Amino acid sequence: MIKNSIKQCILRCVQELHQLELSDSDIVIEIPKNRELGDFSTNIAFRLAKPLKQSPLIIAEALCTHINSDSDRYSCSSVKGFINIHLLDDYLWQYLSELLQTKPEFSKLSESILLEYVSANPTGPLHVGHGRWAVLGAALSRLFVFTQQRFKTETYINDAGNQISLFYESVNAVKEGKVIPENGYHGHYIHDLASSEADPVKAIIQQQRQTLDRLGVSFDTWYSEKSLHESSKIDDVLSFLKTSSLSYESDDALWFKSSSFGDDKDRVLIKSDHSYTYFLVDLAYHFDKVNRGFDYIINIWGADHHGYVPRVQAGIQSFTSEKKDVQFKVLIGQLVSLFRNGEAVRMSKRTGEMITLDEVIDEIGVDATSYFLLHKSSDSTIDFDLELAKQKNAENPVFYVQYAHARMCTLLSKFDDVKPFDGKVSFTPEERALATLCLLFYDVVWDATSSLSPYKLTQYCVQLAKAFHVFYEHCPIKSSDDETQRKRLCLVTFTKDILKNALNLCGISAPQRM
RNA sequence: GCGCCUGUAGCUCAGCUGGAUAGAGCAACGGACUUCUAAUCCGUAGGUCGGGGGUUCGACUCCCUCCGGGCGCACCA
């Protein structure tokens, strides 16, 4: 990773010059907003000012001199305490040429990750909210594969409990020509299910699976809540909590001392009517996750469940207090609102009037669906305008990016095999901007992976597409001399491969032609 | 009332563990196609970063407070 190798260089120089041992995290490599300053920059001189008791300007000056005398990779200059790093052309080109052939060793986020997502009730079709968790989880999975993490994916099927009973009642009511219970399920699909012989829950799961398939989402395990009830796992967690004195009886109910682990209050496990709470069953599920040996447990939940996080967190903590550290992370995806030409599309689960994820995919396609559900930080709500997502013009970033890829493909097809360029290089500003952006690919991949933020990758796609379009307008290929032509064709080839990789990691196709 | 998320250009959003003149896309306005796809590019305009305090050499970024928006606060799932 390019930023990393620059970091290492600076670490070494600081060590040689000042006998200071810094760690990776002490150094920040940035890309200057004003690109004329350099390809990269660092503010390390400001950070060293205090410990060294020197002015940042002097520190920066000395470091630059040291790096310049020492490195055949970088040429540095110091401006107002910042160190601006300019990659030497030959080094830049060599780095770029080998980029995709030499994938770096990525760090391990943990020994073994479990990523649980979607986990929908099998009582109806998936909606766009599910789509967001699905797209997010799938992108993370691909990033985990790409960065060679050890991990499993899983979805939890809530195929037991009150909602399921209500669901069956609703379907049966229609079958028997009765009125669906007030708090039951009223969607049109209930009538379809009633006219079929198949088990409604199985039918819905099958339907959900097909929808997820379209988005490229699959799971190692479909974990059934029902199977938990049928196993001894609920008793296991109960006896664990009892023997650890983490539960107690009060008001005829059994409680978990979740407040001892940071929750606002204690939570009921077994109700006074002796039935289990949903929480108990979920606790059993997470107990099982820990017992299966995962040490990084990631759940993707909708914002409407965020109040539930502390109690599950409390559970995990109580299970693992005597064991090695287990990380537990709940990714809260904020809600998705659908719009059409600026008008909110009403969604009511109650009356069953809602646009399903399938309908959205039918209308705007997989690529746009993936893009629009992925492109924002999961902390932000998404206002999703269907008409905008459908437009095949510049208003729609999906097309902007895909067009860049198609443009590269047709451009390359105009020329015979691209021969490697290994001469002495020099760059125009547009070439350099494109090339340095290409170098950042693995840095972005790692950033997106470690921060569990695939949206950074969609941003990168747009940036790369922009840099390419600019290059395309300013750097003709056909009309340039042999050397330049070969260099530019190589650059386009590298860019195309990187953009394709980046798009595919986002679950978006990279068309050859548009 | 309490908790989580959020408030940056007309719109949709970035802004990396505080750092250089706050960025991008779209929309607006003005340009560029006999030349590798104009689904593109170039230029112009547009911001007291919700308000107010504080910490700092330096704050969109950290702390406090107030205001607005979303979501949640069950012996429901």
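Nothing here was measured: the structure is a model prediction, and the numbers come from that model. Naming: A, B, ... by sequence-line order, numbering from 1 per chain.
Comparing atom distances between the A:Arg513 side chain and each of B:rU37, B:rU17, B:rA20 picks out B:rU37 as nearest.
Among pairs with a residue in residues 450-478 of chain A, those fulfilling salt bridge (Lys or Arg N to Asp or Glu O under 4.0 Å) read A:Arg407-A:Glu473, A:Asp447-A:Lys456, at least two apart in sequence or across chains. Among pairs with a residue in residues 435-446 of chain A, those fulfilling side chain to side chain donor-acceptor pair (under 3.5 Å) read A:Arg35-A:Thr436, at least two apart in sequence or across chains.
When the side-chain nitrogen and oxygen atoms of A:Lys456 are compared with OP1 and OP2 of B:rC16, none of them lie within a distance under 4.0 Å. Taking side-chain N and O atoms only, A:Asn162 has a distance below 4.0 Å to OP1 or OP2 of B:rA77.
Between A:Ile31 and the choices A:Leu440, A:Asp39, A:Leu37, the side-chain contact (heavy atoms from CB on, under 4.5 Å) rule is met once, by A:Leu440.
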Just the atom pairs and distances: protein N or O near nucleotides 31-36 of chain B's N or O, under 3.5 Å.
unit_1	atom_1	unit_2	atom_2	d
B:rC36	O2	A:Lys478	N	3.3
B:rC36	N3	A:Ile477	N	3.2
B:rC36	N4	A:Tyr472	O	2.7
B:rC36	N4	A:Cys475	O	3.4

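Distance CZ (A:Arg132) to C1' (B:rG70): 12 Å, rounded to an integer number of Å. One interatomic measurement links the two molecules: CD of A:Glu387 to P of B:rU12, which rounds to 17 Å at whole-angstrom precision.
Paired runs in RNA chain B that reach 3 or more consecutive Watson-Crick or G-U pairs, where each pair keeps both distances under 3.5 Å, cover B:1-7 with B:67-73, B:10-13 with B:23-26, B:28-32 with B:40-44, B:50-54 with B:62-66.
Under the 3.5 Å distance criterion, with hydrogens and angles disregarded, a donor-acceptor pair is assigned to the side chains of A:His286 and A:Asn299.
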Identify each donor-acceptor pair in which a side-chain atom of residues 254-262 of chain A lies under 3.5 Å from a protein atom, sequence neighbours left out, and give them as a table.
unit_1	atom_1	unit_2	atom_2	d
A:Trp255	NE1	A:Ser250	O	3.1
A:Lys257	NZ	A:Ser245	O	3.2
A:Ser258	OG	A:Asp263	OD2	3.2
A:Ser258	OG	A:Lys265	O	2.8
A:Ser259	OG	A:Asp266	OD1	2.6
A:Ser260	OG	A:Lys257	O	3.4

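In this structure A:Glu363 satisfies the side-chain contact (heavy atoms from CB on, under 4.5 Å) test together with A:Arg340, A:Leu386, A:Glu387, A:Lys390, sequence neighbours excluded.
On the C1' atoms, B:rC26 is 23 Å away from B:rG69, given to the nearest whole Å.
With RNA chain B read from its 5' end, the first of the two nearest nucleotides for A:Arg311 and A:His469 is the one closest to A:His469.
Distance alone, capped at 3.5 Å, is enough to place a donor-acceptor pair between the A:Ser55 side chain and the A:Leu57 backbone.
A salt bridge is absent between A:Glu30 and A:Lys3; no separation between the charged side-chain nitrogens and carboxylate oxygens falls under 4.0 Å.
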